[in-house]
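The basis for the numbers below is simple: all heavy atoms, side chains too, and nothing from hydrogens, waters or symmetry mates. All of these numbers come straight from a predicted model, not from anything done at the bench. Below, chain A is the first sequence line, B the second, and so on; all start at residue 1.
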2 protein chains.
Amino acid sequence: MPARTGRPPKISKTDILTAAHRVIDEEGTQALTMRRLAREVGTTPMALYHHVRDKDELLLLLLDEYAAGVPRPEPPAGAGPGERVVAAAVAMREALTRVPWIVEVLRADDLMSARALWYPEEIIDAAVQAGLTPEDAVDAYRIIWHYTAGEISARSAAARRREDDRPTHRGRVFEDLDATRLPRLAALGPRWEELTSRDTYDKGIRALVRGLLPRP
Amino acid sequence: MPARTGRPPKISKTDILTAAHRVIDEEGTQALTMRRLAREVGTTPMALYHHVRDKDELLLLLLDEYAAGVPRPEPPAGAGPGERVVAAAVAMREALTRVPWIVEVLRADDLMSARALWYPEEIIDAAVQAGLTPEDAVDAYRIIWHYTAGEISARSAAARRREDDRPTHRGRVFEDLDATRLPRLAALGPRWEELTSRDTYDKGIRALVRGLLPRP
DNA sequence: ACCTGAACACCGTTCAAGT
DNA sequence: ACCTGAACACCGTTCAAGT
C-alpha cells in the first residue's frame, strides 16, 4: 500500500452525506442544492464534485445510506401468504413515509437500493407461496409498488399543501359543481375534504391482495 | 361597456398557452420555463406575468385547457358496475398517459380540473351501484387514483430513463445479488428488465375492482 | 393597460489554476 | 490529491419606469 500523497482532504463523503441528510430532514428535498450543501459543510460548491460525480449520484448515495438504517423485519409468524404480502407492503410504505423525497428518486428505478430489496423479495416470495407463477408474482409486486408510490406521493403533496394555507384550486372547483352533470360529486362536495383526508392505504393493499392472489 | 383604453395587447393568454403546450409536447415539462416561454412567444419574461399570476397558475391553466379536449366517454352499454369502473379507470389512465407531466401538477390536488371530473364521478357512481356506501365509493376512487398516478409516473420515468442510455443503477444492483439473502430476486435477476417492462395496468385495476367491490 | 430593463437571489456544472 | 475562483448558461420573480 503506497503512502497517501497530495493535499490532505478537508471534507469527506460522510461529511457531505450527513449534511445532506440534515438539510433534507429539516427543509425538504427542494432545499437540497449543491451550493446550499457546500455552504453547510463549509466549502465551495466545486469541492463536492471531487467526492460525488453529480447530484444524481449524491441522491443515490443518500438513498443507500437511508436504506442501510431500515432493518429487515421478520415476516409475521404463522401468517398466510396474503398476510405476509400485506405486512411487507405496510412496512415498505411505513419506511418510505418518513422520507417521501425518496419516492421521487426511486421512481425511475423501482426500489433500487440493494439493502431495501427485502421488500420485493418478501412480497414476491409470499405471492409464489400463494400459488402464483414467478411472472405473476413480479406483476403483483409491481402493481403493489405503483399503488404504494402513488399513495405516498399524494399524501406528501397533500401535507405540503396543508402547510401553505392559500386557498386550493380544488376548493374553488368543488364550490360550483354542476349537480346535473356530476350528481355524485356534488352530493359529496361538502364532505370531500374530510373524506379524502382519511388513510386508506391498508384498505387498498388488502383489496389488491384479495384481487391478485388466488383464493385460498 | 366602456371603451378599452391604454396600450393595446401584444400577446394574449391564448398565445402563451399555445406556446406552452408546444414546448411541453416537444421537449417535456422540464423545458417549460417562464424565460423559455417568453422567448417562444417573442416577449420578455416579465410580460408573461401580466397575463398569469405565476408559474403555478400557468400550469393550472394548461391543465384546464388539456382537460377541455378530453371528451366525456359513454360508459359501456350493458356493462356491470365492475366493468364500468374498469372502463373509466382505463380511460383516465389513457387520457393522462399522453401528458404525464399533468400527474405532477395534479398530485397535490387530485384530478382537479372541473372538466375532467367525469372520471371520479363515473367511478364513484358505479361503485355505489355495485353496493358500496358513498364513503366506501370515495375510498375506492382514491385507491384507484393512487394506483393510476403511481403507474403513470413510474412509466414515464422509465421512458425517460430508456432515452438517456447510460447504464442504470438498477442494472448494477441486479448484477450482484446475494442469492442466499434474496433467492427469488436472484433467480429472476436476468429477466427483471423484461418482466418489469410489461404493461400491467389492466391486471392491477381488475384486481382492485375484484377486491374493492362486493362480489355480485 | 400593457410591456420593458435592470436587478435580486438563486441553480448545476466545467475548466484552469492553485496548494 | 484535493480545493478554489471565475465563468457559463440558466432559473422565478419584484420593482420602477416607459409607452
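Judged by Watson-Crick or G-U wobble contacts below 3.5 Å, the nucleotide C/dC3 has no partner. Under the Watson-Crick and G-U wobble criteria, each requiring two contacts below 3.5 Å, nucleotide D/dA17 is left unpaired. Remark: D/dG12 base-pairs with C/dC8; criterion is Watson-Crick or G-U wobble with both hydrogen-bond distances under 3.5 Å.
For the pair A/D54 (side chain) and A/E57 (backbone), a donor-acceptor distance under 3.5 Å is present. Within the 3.5 Å criterion, the main-chain N or O of A/A20 finds no donor-acceptor partner in the side chain of A/E40. Listed for the A/K10 side chain is no donor-acceptor partner under 3.5 Å among the backbone atoms of A/A47.
Using a 4.0 Å cut-off, no side-chain N or O of A/K10 falls inside it from OP1 or OP2 of D/dC3. Side-chain N/O atoms of B/H51 include one lying less than 4.0 angstrom from OP1 or OP2 on C/dC3.
Taking atom CG of residue A/D54 and atom P of nucleotide C/dC11, one finds them 17 Å apart after rounding to whole Å. In this structure, CD of B/E57 is placed 14 Å from C1' of D/dT13, rounded to the nearest angstrom. Taking atom CG of A/L48 as the reference point, atom C1' of D/dC2 lies 13 Å away to the nearest angstrom. For B/I11 and C/dA1, the CD1 to P distance is 17 Å, given to the nearest whole Å.
Nucleotides C/dC11 and D/dA7 place their C1' atoms 14 Å apart, quoted to the nearest Å. One P atom belongs to D/dA9, the other to C/dC10, and the distance between them is 22 Å to the nearest Å. To the nearest whole angstrom, the two C1' atoms, one in C/dA17 and one in D/dC2, are 13 Å apart.
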Q) Which letter, B, S or -, goes with each nucleotide of nucleotides 14-19 of chain C from 5' to 3', with contact meaning a protein heavy atom under 4.0 Å? A) B---BB
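Taken to the nearest 0.5 Å, the CG atom of A/L58 stands 11.0 Å off from the CG atom of A/L63. Within the model, atoms CG of A/L62 and CD1 of A/I16 stand 11.0 Å from one another, a figure rounded to the nearest 0.5 Å.
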Q: Apply side-chain hydrogen bond (donor to acceptor under 3.5 Å, both in side chains) to the pair B/R142 and A/T196, showing each step before the final yes or no.
A: CA-CA 7 Å; B/R142 288 180 66 226; A/T196 58; 5.0 Å; no
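Using cut-offs of 30° and 60° on the angle between ring planes, the pair A/Y66 and A/H21 is tilted.
Residues from residues 24-45 of chain B placing a heavy atom under 4.0 Å of any atom in DNA chain C, listed by number, are B/R35, B/T43, B/T44.
Remark: A/R22 CZ is packed, more than 12 non-hydrogen atoms of other residues, nucleotides or ligands lying under 6.0 Å away.
Taking the centre of each ring, B/Y147 and B/Y201 come in below the 6.0 Å mark.
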